[in-house]
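Taking it in order: structure first as structure tokens, then the write-up.
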Amino acid sequence: MQSQNSHRSPRSSGLRGLTLLLAFAATLAAAGSANAQDKPKFKMAYAKCAHCLSMALVPGLAKNVDIEAINFTAGSDALTALVSKGVDIAQVTYLSFVSGLDKGFDLVAVSGQVNGGSEILVGKDTALAPDDWAGLKKLIAQYKAQGKPFRVAASRGNAQDLHMRGEMALNGINPNKDVQFINIPNPADHAAALQRGEVELICSVEPFASQIRMSGVGKHFSFPYKQAAGRLTNLIVTRSDVIKEHPAEVRETVAAVVRLVATLDNDKQAWVASIVKGTGLDKAVAAEAIKNAWPDYKMYRKPTLAIASMMKDLKYISTDVSAQVDKNMDYSFLMAATGKSKVELGY
């Protein structure tokens with residue numbers, strides 16, 4: 001007599017095979033989920049400008065770290081997110097770095113990114129030739145004689161604000177006494193302010209500077225790169241606690257920024273696309289904007305010290321932060337990513 005279990009029905013065999021298949025699939029899914037979870041997550045902040053928006057490409061260039069890129073209106077907002085521990089690393093400006101040190105914030109610069117992006121513009125009907133600083137001084141004096149303020153706009157706290165103030169001081173215009181500053185926090189509003197005649201002169205950031213020129217709202221006056229900051233603009237900054245607790249993530253992010261600089265040098269279309277996506281501006285405006293930008297991962301220590309000195313002279317900061325600048329520029333991650341020495345990297 002045969003045992004009841006000596007023969008299995010086709011249905012029971014099929015069910016058993018399906019069960020095994022589902023179990024195998026579940027095992028693969030669990031393994032894949034575990035691998036995804038093994039990749040550490042890192043939050044990165046960046047601002048809305050032509051040279052900043054390219055940071056949106058960093059997550060796709062990163063290895064061994066899952067970077068969440070968060071876009072803010074201005075670099076000062078990205079800095080706030082960093083110091084409040086809302087993000088782990090941020091693209092800010094040299095100005096924000098120095099002013100943050102002046103405020104006692106825990107900031108460590110670990111890489112450069114893109115420089116430039118500043119342009120001084122005047123209304124389309126203003127009778128000034130490009131770089132006619134003597135003519136600008138005369139025009140400001142005329143306004144003063146008529147009892148009218150000569151209104152100058154920028155986004156307070158961004159690199160363009162500092163570039164303009166430094167350039168004015170170089171050309172005999174006291175930015176704290178001779179003109180009236182109007183703070184327009186969102187650079188996307190610069191064109192409208194100039195068009196409505198709310199300001200006489202503005203220092204804008206790309207791509208909004210190119211938008212002003214190409215729309216006919218305003219015209220070029222000067223590129224403000226002769227002051228102490230030169231055309232230095234962006235830095236990648238983190239905190240000391242992040243470096244201590246997540247050194248691998250910082251290293252991988254800096255390596256991705258180094259790859260980004262190579263990408264921007266070789267693929268302008270990807271850069272243009274990131275600007276169009278981030279601002280909604282026309283592709284032609286974005287393409288024009290990157291002509292006023294220079295990808296560069298180096299960090300320039302001596303010019304940073306000069307920037308700090310200029311900011312103190314302009315009463316942008318209240319203390320001498322030279323010692324903090326020296327202490328809080330960490331070249332080790334760039335050195336690991338590039339194989340270059342500190343001196344080669346701008347020390």
Side-chain angles (χ1 to χ4, degrees), residues 47 49 51-52 74-76 79 92-103 109 112-122 128 130-137 139-140 150-185 187 190 199-206 208-209 220-235 292-294 296 298-322 324-325 329 346:
C49 62
H51 40 306
C52 312
S76 54
L79 180 68
V92 300
T93 63
Y94 279 82
L95 180 149
S96 293
F97 174 60
V98 172
S99 61
L101 293 178
D102 178 57
K103 293 179 176 71
Q113 188 247 344
V114 179
N115 296 315
S118 301
E119 184 175 4
I120 300 177
L121 306 113
V122 292
L128 279 176
D131 292 306
D132 181 10
W133 287 96
L136 178 59
K137 283 182 67 176
L139 185 60
I140 292 171
F150 188 89
R151 300 163 300 177
V152 170
S155 298
R156 173 75 184 182
N158 69 6
Q160 289 66 46
D161 189 13
L162 178 67
H163 288 171
M164 175 173 59
R165 290 172 187 260
E167 204 78 4
M168 283 184 168
L170 273 183
N171 287 280
I173 300 168
N174 188 324
N176 296 318
K177 295 180 179 179
D178 296 335
V179 297
Q180 180 184 96
F181 270 90
I182 308 294
N183 179 33
I184 303 177
H190 287 178
V199 296
E200 280 66 56
L201 178 147
I202 195 163
C203 191
S204 195
V205 62
E206 296 290 4
F208 306 104
H220 169 78
F221 177 69
S222 183
F223 291 113
Y225 298 140
K226 293 180 181 177
Q227 38 67 44
R231 61 189 189 190
L232 295 183
T233 307
N234 285 358
L235 276 176
N292 184 20
W294 294 269
D296 189 354
K298 295 179 182 178
M299 296 191 295
Y300 295 89
R301 185 181 65 90
K302 288 183 180 178
T304 306
L305 293 171
I307 290 170
S309 177
M310 177 175 69
M311 288 175 69
K312 190 169 184 303
D313 290 342
L314 292 171
K315 304 188 187 309
Y316 227 114
I317 58 175
S318 57
T319 60
D320 179 2
V321 296
S322 301
Q324 292 97 306
V325 167
M329 296 185 82

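Numbers for residues simply follow the sequence, beginning at 1. Hydrogens, waters and symmetry mates play no part in the numbers below; they use all other heavy atoms, side chains included.
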Could you check whether any side-chain heavy atom of [X] comes within less than 4.5 Å of a side-chain heavy atom of [Y], counting everything from C-beta outward?
X	Y	value
Val179	Ile140	yes
Tyr94	Asn234	no
Met311	Ser99	yes
Tyr316	Leu95	yes
Ile307	Tyr300	no
Trp294	Arg231	yes
Ile173	Lys137	yes

As an exercise, state the distance from [atom1] of [X] to [atom2] of [Y], rounded to the nearest 0.5 Å.
X	Y	atom1	atom2	result
Asn171	Lys226	CG	NZ	7.5 Å
Gln113	Leu235	CD	CG	9.5 Å
Met164	Ser222	CE	OG	11.5 Å
Phe221	Trp133	CZ	CH2	5.0 Å
Leu121	Leu128	CG	CG	12.0 Å

Which residue pairs pass the salt bridge (charged side-chain N to carboxylate O under 4.0 Å, His left out) test when at least one of the two sits in residues 157-181, sequence neighbours left out?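 Sorted result for residues 157-181: Lys144-Asp178, Asp161-Arg165.
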
Please lay out, stage by stage, how Phe223 and Ser118 fare under the test side chain to side chain contact (heavy atoms under 4.5 Å, CB included). CA-CA 6 Å; Phe223 291 113; Ser118 301; over 6 Å; no

Which residue is it: Asp313, Asp320, Val321? I am looking for the one with a side-chain contact (heavy atoms from CB on, under 4.5 Å) to Ile317.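 Considering Asp313, Asp320, Val321, a side-chain contact (heavy atoms from CB on, under 4.5 Å) with Ile317 is found only for Val321.
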
Which one of Asn174, Val152, Ile120, Leu314 satisfies the side-chain contact (heavy atoms from CB on, under 4.5 Å) criterion with Met168?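 Between Met168 and the candidates, side-chain contact (heavy atoms from CB on, under 4.5 Å) is satisfied uniquely by Val152.
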
Met329 to Thr304 - nearest heavy-atom pair and separation: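 Where Met329 meets Thr304 most closely, the heavy atoms are CE-OG1, 3.8 Å.
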
Nearest heavy-atom pair of Cys52 and Ala47: which atoms, and what distance?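 Closest approach of Cys52 to Ala47, heavy atoms only: CB-O, 3.1 Å.
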
So, using side-chain hydrogen bond (donor to acceptor under 3.5 Å, both in side chains) as the criterion, who are the partners of Thr319 when residues are at least two apart?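 Partners of Thr319 under the side-chain hydrogen bond (donor to acceptor under 3.5 Å, both in side chains) test: Asp102.
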
Does Ser96 have any side-chain hydrogen bond (donor to acceptor under 3.5 Å, both in side chains) partners at least two apart in sequence or in another chain, and if so, which?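 If we apply the side-chain hydrogen bond (donor to acceptor under 3.5 Å, both in side chains) test to Ser96, skipping adjacent residues, the hits are Thr93.
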
Is there a donor-acceptor contact under 3.5 Å from the side chain of Gln160 to the main chain of Ile202?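 It does not hold such a pair.
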
Taking Gly230's backbone N and O only, do any of them form a donor-acceptor pair with Gln227's side chain (distance below 3.5 Å, no angle check)?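 Pair found, side chain donor or acceptor close to backbone of Gly230.
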
Applying side chain to side chain contact (heavy atoms under 4.5 Å, CB included), name anything that partners Ser155, two or more places apart in sequence or on another chain.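 By the side chain to side chain contact (heavy atoms under 4.5 Å, CB included) rule, Ser155 matches Asn158, Pro187, His190.
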
Restricting to side chain to side chain contact (heavy atoms under 4.5 Å, CB included), what partner residues turn up for Pro130, sequence neighbours left out?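 Scan of Pro130 (side chain to side chain contact (heavy atoms under 4.5 Å, CB included), adjacent residues dropped) gives His220.
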
Counterpart residues, salt bridge (charged side-chain N to carboxylate O under 4.0 Å, His left out), relative to Arg151 (two or more places apart):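 Here the qualifying residues are Glu200.
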
Take Asn292 and Tyr225, measure what side chain to side chain contact (heavy atoms under 4.5 Å, CB included) needs, and give me the verdict at the end. CA-CA 11 Å; Asn292 184 20; Tyr225 298 140; 2.7 Å; yes

In terms of side-chain heavy atoms, does Asn115 have a donor or acceptor partner in Thr233 at a distance below 3.5 Å?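 Absent: no donor and acceptor within the cut-off.
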
